[in-house]
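Accompanying notes for the structure given below.
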Amino acid sequence: MHLPVFLDDPRRLRRLLSSSSSAAAARTLARLHALLIVSSSATHTLISSLAAAYARAGDLAAAESTLTATAAASSSIAAWNAIIAAHSRRGSPASALRVFRALPPAARPDSTTFTLALSACARIGDIRGGESVRDRAFDAGYKDDVFVCSSLLHLYARWGAMCDAVKVFDRMPRRDRVTWSTMVAGFVSAGLPLEAIQMYRRMREDGVKGDEVVMIGVIQACTAARNVRMGASVHGHLLRHGMRMDVVTATSLVDMYAKNGLLDVACRVFGLMVHRNDVSWSAMISGFAQNGQSDEALRLFRNMQASGIQPDSGALVSALLACSNIGFLKLGRSVHGFILRRFEFSCILGTAAIDMYSKCGSLASAQMLFNMISDRDLILWNAMIACCGAHGRGQDALTLFQEMNETGMRPDHATFASLLSALSHSGLVEEGKLWFDRMVNDFKITPAEKHYVCLVDLLARSGLVEEAGDLLTSMKAEPTVAIWVALLSGCLNNKKLELGESIADSILELQPDDVGVLALVSNLYAATKKWDKVRQVRKLMKDSGSKKMPGCSYIEICGTRHTFVMEDQSHPQREEIVSKVAKLDLEMRKMGYIPRTEFVYHDLEEEVKEQQLSYHSERLAIAFGLLNTGPGTRLVIIKNLRVCGDCHDAIKYISKITDREIVVRDAKRFHHFKDGACSCRDYW
DNA sequence: CTAGGGTTAG
């Protein structure tokens, strides 16, 4: 048989075996393989090079069988490493581990093998498995190997076991930048940004130069520690040292600036990026959405698609968040549709969508979506329970909570916060008390401030003010403003004025700057006719009230969103809206409505104050809704600030007069008005 | 043939 000459030319053979990795290469290798066998010139070295070449070319099955079929199997660890590495690159750490574990007993794994195996364990989160790899590696004499130790470090750091990571780290005789960057990233993901920054400092003291990857960790640490100064100096450091500003680095800078409120800087960095991918867009979109600039976020979302980049789940989540901020139900629905066509509904997307429906006032859609997702995680359950609560369905929230327990899912502090709040808003006092107790005693969850607020609120609303007061004394920590406020509003509603007054004093001592809180305090003093104190509080209100951003309300009609602010004279239907407001005012007064001018914090004539109340953005939005929808249509209004006590009263009258169901979501919670009542009861 | 990196939910 005629053999190609190159079988006798080792140089050429080696070149062929290390050539590029493509399907064509794999076919060439198969031919070569056949020739080697036919010509019986297959040495162990050649076979293992061939196997490695198969692995590089992507034919892992061929690589493996080539090796296992021969005696070369036990002597060629490099070829096995190539196979394991190829599995890892392909994104199947489990296969990598399978090959590692099935290595022939005589094969001696080296540093590379152990490093690959540990990295595979880190990806799937198998700490136990990783530790047995570690034992073998240490036995084989790799105790001080930087690669082995760094990957072990990563295994711990990645899964939150920072104590173990630190132990490994402290024992390492030599550390390189990868070691340090693993520690930095580990502390960041463990929620310990200050420790991460500390690590970076130690690295510099050690004389190790950071690269992009370390700096990304440091940038993230600055983001989490809300340290823009340092973040900006890291940014400067990158530029000065001519480090590669790749997509990932630039994206983390965008995120750092955006999360710290410097949206303009974030935009500039984003604008300077030569190459942007889906994640960079997501970071920018979420930056806007989380800073209350939802319209801008959605504009960017459209730009992203227009520039040909398919939104990933991050961008979709942020778009949904923006929709829920401004109550843009129609766009939220279309995002939902987009997800259905192109993605699986992951829990994270599902949670965002459920939250969007909840905040846009569509309980039914939220429930439908929730029922469609069968693989539910804790956060998804929590979101749905919170949704029921927000919509005044305390009993449904409880049923859901019990259903959740039956599936074996363990509720956490957030679950109980949602549950207790739901029970409180539905007036389910006994259930609330019961589940607070069970939370503490059965579920061993230490109550946090929010849980106390819910329980105090629950008790105080139903007039059990004394019992709520006892709860406060039983608390270990001093009551906070929020807790006092819950108790105080209960006192006011249940005419427990004496107790109320002492609570009002306690609140003032804590120097709150929330106008809503001060309004409540002022109302209490007014009820006890302490006029000098009323004046004192009203002055505080005026001081803090002047700083607040303008109130703004949204209403969506037939898929179009309309925005209202008090000062805006430009609305095309302004005249009509104003006369509708005036007409309603007249009817309301006939039914007993008295304007509560104490909610106007400017020094104005009484009459002007009354007019200001009528022009609050939510009243304008409601009037617009009444003008543009048929009778019986439910109105959903989203307000960026709190609905004041006066508007709250007014809307009750409006819902009765017009026989409409009106839902107002404000910065605090939902208010459902129907037949002149509000299910979010007893607002002050 | 080997280790470390960005966004997103209650």
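By convention in this document, chain letters (A, B, ...) are assigned in the order of the sequence lines, proteins followed by strands, and residues within each chain are numbered from 1.
- Aromatic ring centres of A:W281 and A:F270: separated by under 6.0 Å.
- At a threshold of 4.5 Å between non-hydrogen side-chain atoms, the residues A:V214 and A:V208 do not count as touching.
- Within the structure, no pair that satisfies the salt bridge (Lys or Arg N to Asp or Glu O under 4.0 Å) test touches residues 337-353 of chain A, not counting sequence neighbours.
- At a threshold of 4.0 angstrom between heavy atoms, the contacts of A:A414 include nucleobase atoms, whether or not backbone atoms are also involved.
- Taking every heavy atom of residues 372-387 of chain A and every atom of DNA chain B, pairs under 4.0 Å involve A:D377, A:I379, A:N382, by number.
- Contacts of A:V247 with the nucleic acid, taken as non-hydrogen atoms under 4.0 Å apart, include base atoms.
- Among the heavy atoms of the strands, none lies under 4.0 Å from A:R158.
- Within the 4.0 angstrom heavy-atom criterion, base atoms lie near A:S280.
- Using a 4.0 Å heavy-atom cutoff across all strands shown, A:D278 reaches no nucleic acid atom at all.
- No cation-pi contact links A:R136 to A:F114, judged by a cut-off of 6.0 Å to the six-membered ring centre and 45° from its axis.
- The side chain to side chain donor-acceptor pair (under 3.5 Å) analysis of residues 151-163 of chain A, with sequence neighbours excluded, yields the pairs A:E131-A:Y156, A:R134-A:Y156.
- As judged by a 4.0 angstrom heavy-atom cut-off over every strand, A:S286 is placed among residues touching the sugar-phosphate backbone only.
- Within the nucleic acid shown, A:T182 comes within 4.0 Å of sugar-phosphate atoms alone, with no base atom in reach, counting heavy atoms only.
- Residues from residues 331-348 of chain A lying near DNA chain B, meaning a heavy-atom separation below 4.0 Å, are A:I348 in numerical order.
- Residue pairs meeting the salt bridge (Lys or Arg N to Asp or Glu O under 4.0 Å) criterion with at least one partner in residues 206-226 of chain A, sequence neighbours excluded, are A:E212-A:R244.
- Read 5' to 3', the first and last nucleotides of DNA chain B with an atom closer than 4.0 Å to a heavy atom of chain A are B:dC1 to B:dG10.
- Using a 4.0 Å heavy-atom criterion, one finds that A:V148 contacts no nucleic acid atom at all.
- For A:R174, the CZ atom sits in a loose shell: 12 or fewer heavy atoms of surrounding residues, nucleotides or ligands are nearer than 6.0 Å.
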Would you check, one step at a time, whether the test side-chain contact (heavy atoms from CB on, under 4.5 Å) holds for A:K359 with A:I638? CA-CA 8 Å; A:K359 300 230 166 87; A:I638 314 288; 6.0 Å; no
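- Between A:F443 and A:H413, the ring center distance fails the sub-6.0 Å criterion.
- Proximity of the aromatic rings of A:F100 and A:W80 is defined here by a centroid distance below 6.0 angstrom, and this criterion is not met.
- A centroid separation of 6.0 Å or more is found between the aromatic rings of A:H425 and A:F670.
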